[in-house]
Amino acid sequence: MLNFDRDRFVRIQSGAVSIAGEARTLMRALLADGVERLFFMGTGGVQLLTLPAIELAKCYSTFPVSAEYPAQVVLDPPAGLDNKAAVVIPSLSGTTKEGVELMAFLKRRGVRTISLTGHSDTPIAQEADHNFTNFAEDDTSSESFYLQTLLIVLALLAERGEYDNFDASVAELQLLPGLLADAKAAFEDKAAELAATIKDETYHIFTGAGSVWPEANYYGMCILEEMQWIRTRPVHAADFFHGTLELVEPGVSVFVFKGEDRLRPLADRVENFARRYTDRVRTLDAASVQLPGISQGVRGMISPVLLATLLERLSAHIEVLRNHPLTTRRYYKRVEY
């Protein structure tokens with residue numbers, strides 16, 4: 001496999017799953033201490049990685065769980081951002097400027113803070129009331145953040161009596177790191193072929209629904225746009241037929257991401273339409289991944305994890321074929337803005 005260290009990958013994703021017990025203990029303590037709402041506040045792509053867990057919470061509970069942009073919060077905070085609130089701040093580096101400013105802002109308001117970082121000796125890790133540190137890098141962080149935020153929400157639901165299968169689900173998730181590595185290996189040839197096919201294309205539409213929509217948005221914006229300087233148009237499958245469909249014609253690339261939740265039919269509808277009008281429909285389906293030992297219920301919650309793990313293989317090949325390392329930037333953290 002191209003530029004892939006299986007042991008490193010399994011170790012990182014196992015670290016993500018390992019927070020389960022501590023997350024449940026923390027949620028129990030926060031609820032007992034009067035916390036009445038939970039916010040996730042990440043900057044850039046990492047915020048997108050929190051959205052599947054937030055949507056899961058909305059399906060199971062009336063407990064308020066939502067997302068906010070840190071840069072917006074410090075200028076115009078939402079109602080309820082007080083000592084009855086807890087905020088999860090994910091930041092791989094632990095030094096994200098907006099996250100550091102947010103942390104100071106929240107502490108002044110008496111808000112409980114939980115940080116998810118890749119390094120413990122960083123401002124966002126050290127200033128938080130509680131920190132989960134799991135070392136990861138760009139090629140492994142998507143799965144790590146998806147899993148950590150999923151476990152935080154499942155712990156919340158379990159402590160509220162709204163999810164009865166927490167322990168069983170965690171036991172299944174402990175199998176996942178090795179299974180994800182196997183999935184990467186099984187997808188390697190397809191990833192190489194797809195990378196060779198699209199390496200010279202300059203525009204892609206990305207779409208999906210349910211838990212995989214954030215991954216469609218993330219891959220378009222954070223990988224192809226930020227890391228490869230390729231223009232994309234991420235659009236939710238529910239909105240595809242209210243504007244974006246008019247851009248579909250022969251030669252237009254449409255990536256359709258399909259999950260295993262109840263909103264899968266929305267992606268099916270886009271796929272069926274797009275295949276009638278363009279010869280460049282690329283479908284990535286979480287249901288295609290073999291996961292022995294993982295129940296359908298858990299599979300329905302981890303579709304974005306599965307697609308992220310396959311897409312990392314695509315990225316690994318694209319950067320080589322285009323001679324454009326994923327770390328190359330013109331502006332991000334290079335100029336003032």
Side-chain angles (χ1 to χ4, degrees), residues 10 12-33 35-40 49-67 86 88 90 114 116 130 132 134 142-183 208-215 257-265 285-309:
V10 170
I12 290 169
Q13 306 315 328
S14 296
V17 176
S18 72
I19 76 164
E22 193 175 350
R24 185 159 186 183
T25 299
L26 177 59
M27 289 299 109
R28 183 181 306 133
L30 290 174
L31 290 171
D33 201 30
V35 165
E36 297 178 355
R37 44 201 160 266
L38 180 66
F39 295 91
F40 287 83
L49 304 178
T50 72
L51 298 183
I54 294 170
E55 290 304 310
L56 181 71
K58 292 179 179 178
C59 289
Y60 278 84
S61 180
T62 58
F63 189 91
V65 180
S66 59
V88 179
I114 306 160
L116 307 176
H130 192 94
F132 294 101
N134 184 47
S142 291
E143 297 97 327
S144 179
F145 281 122
Y146 276 137
L147 289 169
Q148 289 178 86
T149 53
L150 170 64
L151 286 165
I152 287 171
V153 163
L154 288 180
L156 171 68
L157 297 173
E159 285 305 310
R160 284 175 49 82
E162 295 165 328
Y163 188 75
D164 296 329
N165 298 319
F166 183 82
D167 291 338
S169 296
V170 169
E172 292 186 32
L173 291 174
Q174 289 171 339
L175 303 174
L176 194 60
L179 295 174
L180 292 177
D182 292 342
S211 65
V212 299
W213 156 240
E215 181 60 24
F257 288 8
K258 301 175 78 170
E260 297 184 76
D261 57 22
R262 288 174 293 184
L263 296 185
R264 182 183 176 95
D285 190 349
S288 69
V289 179
Q290 298 297 311
L291 295 176
I294 305 298
S295 66
Q296 193 57 48
V298 171
R299 288 190 68 116
M301 295 187 288
I302 60 170
S303 291
V305 182
L306 305 184
L307 294 191
T309 218

Would you give me the side-chain donor-acceptor pairs under 3.5 Å for residues 294-308, sequence neighbours excluded?
| residue | atom | partner | partner atom | Å |
| --- | --- | --- | --- | --- |
| Ser295 | OG | Glu172 | OE1 | 3.0 |
| Ser295 | OG | Glu172 | OE2 | 3.1 |
| Ser295 | OG | Val298 | N | 3.4 |
| Gln296 | NE2 | Glu260 | OE1 | 3.1 |
| Arg299 | NE | Glu260 | OE1 | 3.2 |
| Arg299 | NE | Glu260 | OE2 | 2.9 |
| Arg299 | NH1 | Val289 | O | 3.0 |
| Arg299 | NH2 | Glu260 | OE2 | 3.0 |
| Arg299 | NH2 | Ala286 | O | 3.0 |
| Arg299 | NH2 | Val289 | O | 2.8 |
| Ser303 | OG | Glu260 | N | 3.0 |

Q) Which heavy-atom pair separates Arg264 from Gly259 by the least distance, and what is that distance? A) NH1-O, 2.9 Å
Mind listing the side-chain donor-acceptor pairs of residues 147-154 below 3.5 Å, one per line with the distance, residues two or more places apart or on another chain?
| residue | atom | partner | partner atom | Å |
| --- | --- | --- | --- | --- |
| Gln148 | NE2 | Ser144 | O | 3.3 |
| Gln148 | NE2 | Ser144 | OG | 3.0 |
| Thr149 | OG1 | Phe145 | O | 2.7 |
| Thr149 | OG1 | Tyr146 | O | 3.2 |

Q. Taking only residues two or more places apart in sequence or in another chain, which ones pass side chain to side chain donor-acceptor pair (under 3.5 Å) with Arg262?
A. none
(Q) Contact between Thr50 and Val88 at the side-chain level, heavy atoms closer than 4.5 Å - yes or no? (A) no
Q. Partners of Phe166 by ring pair (Phe, Tyr, Trp, His ring centres under 6.0 Å), sequence neighbours excluded?
A. none
Q | Phe39: partners by ring pair (Phe, Tyr, Trp, His ring centres under 6.0 Å), with sequence neighbours left out | A | none
Q: Return the minimal non-hydrogen interatomic distance between Leu49 and Ser142, and the atom names on each side.
A: CD1-CA, 3.8 Å
**Q.** Residues in ring pair (Phe, Tyr, Trp, His ring centres under 6.0 Å) contact with Phe257, at least two apart in sequence or another chain
**A.** Phe206
Q: Using a 4.5 Å cut-off on heavy atoms from C-beta on, say whether the side chain of Leu38 contacts that of Ile54.
A: no
(Q) Within this structure, what is the OG1-CD distance for the pair Thr309 and Gln13, rounded to the nearest 0.5 Å? (A) 6.5 Å
Q. If you round to the nearest 0.5 Å, how far is OG of Ser18 from CZ of Phe132?
A. 9.0 Å
Q | Pairwise side-chain contact, Leu31 with Arg160, heavy-atom cut-off 4.5 Å (strictly under) | A | yes
Q. Are Leu156 and Val65 close enough that some pair of their side-chain heavy atoms sits under 4.5 Å apart?
A. yes
Q: Over all heavy atoms of both residues, which pair between Leu51 and Ala67 is shortest? Give the atoms and the distance, please.
A: CD2-CB, 3.9 Å
Q. What heavy-atom pair brings Asn134 and Ala16 nearest, and what distance separates the two atoms?
A. ND2-N, 3.4 Å
Q: Of all the heavy-atom pairs spanning Leu179 and Pro292, show the shortest one and how long it is.
A: CD1-O, 3.5 Å
